[in-house]
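Heavy atoms only: backbone and side chains are in, while hydrogens, waters and symmetry mates are out. Lettering of chains follows the sequences in order, A, B, ..., and the numbering in each one begins at 1.
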2 protein chains.
Amino acid sequence: MHTIKEIAEMANVSRSTVSRALNNSGYVSEEARKRIEEVVEKTGYVPSEHAKSLRTKKTKVIGVIVPTIHTETSGKIVAGIDKELAKHGYQILLAATNLDQQKELEYLDLLQVRQVDGIILLGTNTEPQLAEKLNTLPIPAVMIGQELEGVPSIVNDDEGAAMEITSYLISRGHTRIGFIGVDETDRAVGYMRKQGYLKAMEKHHLPVASEWMEEAVFDIDSGHDAMERMMQQGRQPSAVFAVTDRLAIGAKSFLKKAGFIVPADIAVAGIGASEIGQYSDPPLTTVDYQNEHAGAHAAKQILLQTNDTEQPCEKIMLNYRLISRDSV
Amino acid sequence: MHTIKEIAEMANVSRSTVSRALNNSGYVSEEARKRIEEVVEKTGYVPSEHAKSLRTKKTKVIGVIVPTIHTETSGKIVAGIDKELAKHGYQILLAATNLDQQKELEYLDLLQVRQVDGIILLGTNTEPQLAEKLNTLPIPAVMIGQELEGVPSIVNDDEGAAMEITSYLISRGHTRIGFIGVDETDRAVGYMRKQGYLKAMEKHHLPVASEWMEEAVFDIDSGHDAMERMMQQGRQPSAVFAVTDRLAIGAKSFLKKAGFIVPADIAVAGIGASEIGQYSDPPLTTVDYQNEHAGAHAAKQILLQTNDTEQPCEKIMLNYRLISRDSV
DNA sequence: CTGAAAGCGCTTACAG
DNA sequence: CTGAAAGCGCTTACAG
């Protein structure tokens with residue numbers, strides 16, 4: 001690895017001049033520039049980002065904190081972030097919490113230490129501790145998927161989507177509609193989607209039986225088990241809305257095993273527009289949140305903020321669209 | 001953000017002593033250490049990684065180059081890498097090529113500039129240019145999924161797996177077996193898996209018709225189209241082996257649309273043990289490569305090499321297992 | 001148009 | 001056990 005000093009010596013100029021030439025800042029004579037370019041070309045010299053960062057306090061790296069990295073949703077969001085960031089020469093420093101909320105806070109520190117220029121967080125909760133930390137961060141942060149006081153965020157219309165999908169089930173003649181949700185500390189997925197379900201039911205004056213409401217965690221098996229519990233009750237629903245596609249897939253897999261036909265016996269719907277839902281049997285009715293867009297938006301936001309620190313704290317709510325397929 | 005100088009002043013010691021205390025290197029009296037710890041605690045001081053890196057030439061960051069980040073395979077491998085790395089306080093700097101081979105080379109440079117301690121590459125090809133670059137890299141590199149001269153690598157037994165799955169189809173009574181592959185510049189997926197197929201057919205003295213061999217690219221739609229082409233020929237196969245699950249899913253989706261019953265009319269098998277295959281209809285027979293393990297192995301390898309530069313260039317071939325499900 | 005010098009925030013021999 | 005000093009590789013006023 002060469003250093004700027006070596007390049008300067010080889011080109012017979014000072015380090016200052018090399019720096020100016022490379023950064024296009026300040027005057028450099030044509031001849032000097034040419035000599036420098038030749039040397040750079042010949043040596044393959046690239047300046048050390050660390051030294052640069054130390055001086056300029058900029059790293060062109062954005063920290064991204066995700067709950068899990070091998071799920072489709074995270075994957076698409078990160079892909080969206082990456083594509084947008086790459087356009088501007090930024091890179092992603094990735095941190096996965098594996099759904100451990102404590103780690104969310106730890107990584108916030110860790111990423112700061114690495115002097116990232118900004119942080120994008122795929123939120124799983126809205127704990128006040130997190131909000132506080134995010135608000136006192138010396139660098140810009142953007143939250144995806146959850147709304148948090150004082151933090152710019154890209155959110156989905158979770159309540160609206162849940163209402164729409166529940167209403168869709170109702171419009172297809174269903175009145176006994178089950179619900180598979182998750183813990184409400186996840187405000188977007190746990191609370192808002194449940195609200196949407198409840199509001200739709202209420203609007204149509206339909207009863208909501210407690211034995212039709214199950215709580216699960218974020219995986220397929222958990223959806224399977226929730227469906228199993230629901231069907232063991234006396235009164236069985238004729239349709240079920242699960243707050244994620246993976247939960248819905250799990251529910252369907254239980255129903256299939258237990259001999260129920262989807263959608264003839266029971267209709268199933270989810271949220272997420274995952275491929276696994278698209279190619280499962282029968283294809284899953286769901287809502288598309290356009291996760292790549294969410295990622296791209298977040299990247300744009302963070303880039304805006306790094307360049308102009310006093311950006312207003314924007315909240316963006318993304319569109320969704322219902323995808324009706326054969327599971328309903 | 002505080003600096004070591006401020007901490008030193010507040011604790012009434014020199015910067016050297018603060019550094020020694022924080023890194024547990026060299027002697028520090030109990031009293032000094034206590035004072036320093038108190039100040040650090042109070043201020044929430046964390047040393048700048050950039051300054052550290054500039055001195056020590058270590059960053060505790062590993063660059064990971066992937067073809068795409070939103071696919072299940074990449075996701076699982078990266079998850080495996082991340083988990084192992086996190087144990088040792090390392091982080092991932094992510095770069096996605098979106099299947100552009102040129103970018104693979106560019107990112108190799110970019111990551112070096114960022115002074116990562118090592119690079120893990122999910123390989124898609126074995127171009128000599130890539131091998132050469134990897135071999136002259138001043139930092140350790142590990143390749144996953146492809147074998148490359150002189151580069152430590154974690155590979156799957158692609159030929160073995162393809163042979164086994166083809167033999168499995170044969171053992172179920174199939175003799176007319178189609179093949180959906182990808183370009184052979186991807187040596188592992190394109191060439192080795194095709195070899196496995198051909199060898200199994202040859203071993204059982206079965207004919208391989210050219211109209212049973214299709215080439216696709218890495219997505220579901222492409223598998224669909226390849227299957228469509230194959231079925232438009234005069235002689236139709238009774239089974240088809242696609243080199244990835246996604247291709248197999250695409251093939252199945254065409255067959256379904258065209259009115260064929262899987263597996264009664266045509267059996268379908270893939271490789272990858274993806275969830276989408278598991279929950280598709282009927283569930284896909286496939287081979288599990290245990291991608292998380294591959295990632296973890298790669299991380300261990302790279303960690304070994306960063307600490308001990310003269311590690312021998314190891315090649316590891318991972319186990320696979322056949323998962324037989326209803327698509328065959 | 002150019003270069004000497006200071007400084008970013010650390011670590012590490014070295015002298016005491 | 002501790003501190004002064006040099007140095008990692010850059011950038012940026014400043015003086016010329």
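- One interatomic measurement links the two molecules: CZ of B:R15 to C1' of C:dC8, which rounds to 11 Å at whole-angstrom precision.
- Between B:A51 and B:T17, the residue anchored nearer the 5' end of DNA chain C, judged by the nucleotide with its closest heavy atom, is B:A51.
- Side-chain nitrogen and oxygen atoms of A:S16 include none within less than 4.0 Å of the OP1 or OP2 phosphate oxygen of C:dG3.
- Taking both residues in full, the closest heavy atoms of A:A141 and A:L137 are given as CB-CD2, 4.0 Å, listed atom of the first, atom of the second, then distance.
- Separating the CZ atom of A:R114 from the C1' atom of C:dG9 is a distance of 16 Å, rounded to the nearest angstrom.
- In this structure, the nucleotide among D:dT11, C:dT2, C:dT11 sitting nearest to the side chain of A:S19 is D:dT11.
- For the pair A:S48 and D:dG9, the criterion of a side-chain N or O lying under 4.0 Å from OP1 or OP2 is not met.
- Here D:dC10 is the nucleotide among D:dC10, C:dT2, D:dG3 with the atom lying nearest to any side-chain atom of A:I4.
- The nearest whole Å value for the distance from the CG atom in A:N23 to the C1' atom in D:dT12 is 11 Å.
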field: Steps toward side chain to side chain contact (heavy atoms under 4.5 Å, CB included) verdict (A:L94, A:Y107)
entry: CA-CA 10 Å; A:L94 195 69; A:Y107 279 133; over 6 Å; no
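- As rounded to whole Å, 15 Å separates atom P of D:dG9 from atom NZ of A:K52.
- Out of D:dC10, C:dT11, D:dT2, the shortest distance to the side chain of B:R55 is found at C:dT11.
- An OP1 or OP2 oxygen of D:dT11 is reached within less than 4.0 angstrom by no side-chain nitrogen or oxygen of A:K57.
- Comparing D:dG9, D:dC10, C:dG3 by their closest approach to the side chain of A:S14 singles out C:dG3.
- Between the CD atom of A:E49 and the C1' atom of D:dG9 there is a distance of 12 Å, rounded to whole Å.
- Salt bridge B:E37/B:K34: absent, no basic N to carboxylate O contact under 4.0 Å.
- An OP1 or OP2 oxygen of D:dC8 is reached within less than 4.0 angstrom by no side-chain nitrogen or oxygen of A:K5.
- Proximity of B:T56 to the phosphate of C:dC10: no side-chain N or O atom is located under 4.0 Å from OP1 or OP2.
- Remark: P of C:dC10 and NE2 of A:H50 are 14 Å apart, rounded to the nearest angstrom.
- For B:S29, taking side-chain heavy atoms from C-beta onward, the closest of the listed nucleotides C:dA6, D:dT2, C:dG9 is D:dT2.
- One finds a salt bridge joining B:K133 and B:D109 here, because a Lys/Arg side-chain nitrogen approaches an Asp/Glu carboxylate oxygen to under 4.0 Å.
- Rounded to whole Å, the distance from OH on B:Y27 to P on C:dT12 is 17 Å.
- With hydrogens and angles ignored, a donor-acceptor pair closer than 3.5 Å exists between the side chain of B:R20 and the base of D:dG3.
- Proximity of B:Y45 to the phosphate of C:dC10: a side-chain N or O atom is located under 4.0 Å from OP1 or OP2.
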